[in-house]
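A quick write-up on the structure given underneath.
Nothing here was measured: the structure is a model prediction, and the numbers come from that model.
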Amino acid sequence: MEDSPPPPKRHRPPPQNPPPTISQTLNTDDDIKEDRISNLPDSILSHILSKLPTKTAIATTVLSTKWKHLFASIPNLSLDIDDAGSTRQPNPNFVNFMYHLLTVTLCDVPSIRKFRLQCNHDHGNSHLDAWVSTVLGLKVSDLTLVFFAGNTGVSTESLFQCETLVRLIWWQHFYADVPDIVCLPNLKRLCLAFVKFPDFESFDIVISGCPVLEELSLDSCEFEETYVLSISSPSLKFLMLNNCNHDDFYEVVIDTPSLEVLDYDDHVASSYFGMNLNSLVRAYIDVGPSDFQVEEADDEDFLRYQQNVTQLVAACCNVDSLYLSMPAVTAIHRSSSALCTFQNLTKLKLGDLNVHGWEFLPHLLESAPNLETLVFMRGFMEHEGCFAKFESSISNSVPTCSSLNLRSIYFEEFNGEQDELELVSYFLKTAEVLREMVFSFCSSLPIEKQCITWWKLSLLQRHFLYSKISTTLCKTETLSLRGLEFLGAKGKKMDERESKKEAEHNDIVGTSWGKRRKRESARTELDILVEAALGVRRPEKEEFPDMPRDVFEKILGLNGEAICKVFQKCLTNTDVENNHNRLLMPALKLLNCDFLTQTEKDLLREKEGTKLKVN
């Protein structure tokens with residue numbers, strides 16, 4: 001009996017009545033009569049509005065009387081107002097908008113969490129004072145005022161008498177009219193930019209009126225008729241001084257026993273007496289001479305400048321993290337004052353080093369016996385002949401930090417010059433507990449030179465690693481030098497293709513440049529050229545063939561001897577399955593292994609060309 005053909009596919013018959021459209025489902029008489037959203041409890045509606053952008057939430061006030069009052073109950077209300085918006089053009093209606101917003105729209109709002117006002121144009125200081133006074137009456141806790149126009153700013157007394165302010169950012173090219181009494185009992189963060197103070201007493205009154213102040217930032221502020229700028233606060237934990245001392249006219253006194261972070265980027269002051277920085281943990285010091293000192297100062301003025309920089313750095317002797325710029329290092333090096341000892345310093349960052357920085361680097365290392373991390377953040381400004389200056393300043397003994405504690409070194413903006421490579425060689429030779437070196441090439445360095453430089457660094461790594469291994473094995477049964485590796489070159493202009501190529505060529509875990517290859521006993525022409533340039537030579541016969549370092553150290557930890565790599569393969573799924581108790585190895589790859597007997601080799605050659613596997 002023949003199979004009958006399958007029945008034709010039957011389609012579902014079309015519905016008699018088409019589905020209702022959107023307009024039909026929504027526009028019913030019952031729904032028109034009932035506003036379900038407005039019937040929700042006020043607490044739920046306020047919560048919904050709080051999740052919307054402030055501009056959208058304000059727009060709901062035109063819906064009905066109920067929505068107008070709901071806006072006033074939004075918790076944590078934040079307003080961000082810019083008089084120019086995205087067009088950066090003056091808006092003729094901005095003044096009327098501000099008065100309507102503050103006196104009508106926000107009339108029933110009990111409090112505002114955050115308010116930011118940015119004015120790019122001059123709307124009149126009287127208007128600004130009125131707006132800020134109204135905002136302060138709304139119990140604002142986070143206030144940002146930015147006025148870019150010259151001679152424009154606020155001078156209302158209420159700004160200094162607000163009990164709810166916790167954070168104040170104040171930017172204006174205008175004088176601060178400070179009253180005799182300042183009361184900001186809850187202010188913890190104060191940021192002032194371009195604010196002008198007519199005398200030092202007015203600034204001191206502001207700081208004294210902030211009993212719980214924790215963060216103070218002064219950026220390009222001006223202090224007229226000031227001979228001593230005193231910053232005294234028992235609660236202050238963070239202090240930033242940036243471009244406030246323009247003409248070297250006043251002394252700086254910082255009496256902050258609780259200060260933990262100091263960011264000082266300015267011209268050097270005339271003196272730094274009375275500094276109290278006992279709790280300081282991190283310091284960023286980038287000080288240089290003023291324009292007057294550069295153009296008109298004599299030798300005595302420069303000597304005083306150098307001593308002042310040394311005095312400021314000495315006040316930071318308790319820090320565990322320190323940054324010193326190139327001008328600061330140069331001034332300390334040329335100063336006649338002795339450098340203090342940084343007993344707690346574990347991380348040192350240096351700016352671009354000139355010849356003075358090269359020469360002073362050994363003294364810096366000797367002054368930080370517990371240093372663990374050294375960072376060259378901006379590379380080396382000068383190269384030729386600088387390593388000779390470095391060597392001439394080295395004492396007879398290796399700095400304590402290099403021999404006992406230095407574990408990480410970061411070279412940023414690395415150019416691969418001869419002096420830089422010699423400095424790398426010095427640290428590889430003397431840093432006994434070094435764990436890592438990280439290199440970031442200069443962005444202008446061609447990719448070809450980056451690859452060549454990285455090859456040189458890898459050769460240096462292998463050379464000193466083998467020499468240290470042979471020395472260590474003569475003294476102890478286990479390897480005491482562990483983890484000495486280069487984490488990788490991070491050239492800033494490498495594209496994805498070059499980054500992938502770099503990862504494939506990385507010599508960290510036992511692979512070599514190019515494809516995986518056997519190590520040849522004879523050196524290549526490139527080996528000879530590079531070794532001649534570096535002044536080092538890799539051993540003709542390597543006692544330890546290249547193998548993954550973790551495997552090598554594991555065997556050493558088990559008291560292994562005469563370690564050599566016999567075979568290497570990638571594990572497959574079959575190799576790691578639970579029901580397999582053996583490791584399969586291709587027979588043809590075992591022919592050149594020295595551990596096989598001649599009989600075993602002959603047996604393998606007889607099976608050459610087959611898929612023989614050896615267990």
Side-chain angles (χ1 to χ4, degrees), residues 200 204 216 218 223 226-233 236 238-294 297-345 348-351 353-354 356-357 359-369 371:
F200 70 93
D204 187 60
L216 175 62
L218 302 176
F223 304 92
T226 298
Y227 302 98
V228 178
L229 179 63
S230 177
I231 302 176
S232 178
S233 174
L236 197 64
F238 174 89
L239 173 61
M240 186 194 78
L241 293 172
N242 180 34
N243 194 30
C244 293
N245 192 349
H246 301 284
D247 298 311
D248 186 31
F249 282 155
Y250 56 78
E251 302 177 8
V252 171
V253 176
I254 303 177
D255 182 12
T256 52
S258 301
L259 191 68
E260 298 177 358
V261 180
L262 173 63
D263 187 342
Y264 198 115
D265 186 356
D266 209 339
H267 296 136
V268 69
S270 59
S271 69
Y272 294 97
F273 292 108
M275 304 286 281
N276 184 1
L277 303 173
N278 295 330
S279 301
L280 198 63
V281 177
R282 298 195 307 273
Y284 179 97
I285 306 298
D286 186 2
V287 291
S290 62
D291 295 339
F292 170 78
Q293 291 172 326
V294 173
D298 53 18
D299 294 340
E300 183 178 352
D301 291 328
F302 268 111
L303 179 61
R304 181 169 61 92
Y305 153 72
Q306 295 159 7
Q307 292 176 343
N308 290 337
V309 175
T310 305
Q311 188 179 27
L312 172 62
V313 175
C316 306
C317 60
N318 293 325
V319 297
D320 62 22
S321 178
L322 175 64
Y323 170 83
L324 294 176
S325 65
M326 182 267 289
V329 171
T330 302
I332 299 173
H333 176 231
R334 302 178 65 177
S335 173
S336 59
S337 303
L339 182 64
C340 64
T341 300
F342 299 90
Q343 291 289 348
N344 302 326
L345 188 63
L348 175 62
K349 300 180 180 180
L350 299 174
L353 294 187
N354 56 10
H356 295 285
E359 192 171 358
F360 190 59
L361 182 57
H363 301 289
L364 276 175
L365 298 178
E366 292 173 356
S367 67
L371 187 67

When every non-hydrogen atom of H267 is compared with those of P289, the smallest separation belongs to CD2-O, 3.4 Å
Margin query: Does the plane of the ring in Y323 sit parallel, tilted or perpendicular to the ring in Y284? Use 30° and 60° as the thresholds.
Written below: parallel
One should read off an interatomic distance between L353 CG and S325 OG, to the nearest 0.5 angstrom, of 10.5 Å
One should read off an interatomic distance between L259 CG and S279 OG, to the nearest 0.5 angstrom, of 8.0 Å
Test your reading of the model: is there a side-chain donor-acceptor pair from N308 to the backbone of R304, 3.5 Å cut-off?
yes
Value for OG (S335) from CD (Q307), rounded to nearest 0.5 Å, stands at 5.5 Å
The test is side chain to side chain contact (heavy atoms under 4.5 Å, CB included); show your working for I231 and L241 and say whether it passes.
CA-CA 11 Å; I231 302 176; L241 293 172; 4.0 Å; yes
In terms of heavy-atom contacts, C340 and S367 come closest through O-CB, 3.5 Å
The reported gap from CG in L361 to CG in L350 (rounded to nearest 0.5 angstrom) is 6.5 Å
Closest non-hydrogen contact found for T310 with S337 is CG2-CB, 3.9 Å
**Report entry** pair F342-L322: side-chain heavy atoms closer than 4.5 Å
**Finding:** yes
In short, L324 meets V313 closest at the heavy-atom pair CD2-CG2, 4.0 Å
Checklist entry - Side-chain contact, heavy-atom cut-off 4.5 Å: Y250 with N245? => result yes
Working for side chain to side chain contact (heavy atoms under 4.5 Å, CB included), residues F223 and L218: CA-CA 11 Å; F223 304 92; L218 302 176; 4.1 Å; yes
pair L239-I254: side-chain heavy atoms closer than 4.5 Å: yes
Check your understanding: Does I332 offer a backbone N or O that forms a donor-acceptor pair with the side chain of Q306 under 3.5 Å?
Key -> no
The reported gap from CG in L277 to CD in E260 (rounded to nearest 0.5 angstrom) is 12.0 Å
Once the angle between the rings of H333 and H356 is folded into 0 to 90°, is it parallel (under 30°), tilted (30 to 60°) or perpendicular (over 60°)? tilted
Check whether any side-chain heavy atom of L280 lies under 4.5 Å from a side-chain heavy atom of N318, and answer yes or no. no
query: Going by heavy atoms in the side chains, are F273 and V253 under 4.5 Å from each other?
result: no
Heavy-atom nearest pair, G357 first then V329, reads CA-CG1, 3.9 Å
Check: How about L216 and T256: do any of their side-chain heavy atoms sit closer than 4.5 Å?
Finding: no
- Determine, step by step, whether N276 and D255 satisfy the side-chain hydrogen bond (donor to acceptor under 3.5 Å, both in side chains) criterion, reporting the C-alpha distance in whole Å, the side-chain angles of both residues, the deciding distance to 0.1 Å, and the verdict. CA-CA 5 Å; N276 184 1; D255 182 12; 3.0 Å; yes
Which is it for F238 and M240 under the side chain to side chain contact (heavy atoms under 4.5 Å, CB included) test, yes or no, and what are the steps along the way?
CA-CA 7 Å; F238 174 89; M240 186 194 78; 3.9 Å; yes
Does the pair F360 and L339 meet the rule for a side chain to side chain contact (heavy atoms under 4.5 Å, CB included), with working shown? CA-CA 11 Å; F360 190 59; L339 182 64; 3.6 Å; yes
Exercise. Decide whether T330 and N354 meet the rule of one side-chain donor and one side-chain acceptor closer than 3.5 Å.
Key: yes
Between P327 and Y305 the two heavy atoms that sit nearest each other are O-OH, 3.8 Å
- Message: Are the side chains of C244 and D266 in contact, using a 4.5 Å heavy-atom criterion?
- Response: yes
_Counting C-beta onward and ignoring hydrogens, is there a side-chain heavy-atom pair between C316 and L262 closer than 4.5 Å?_
yes
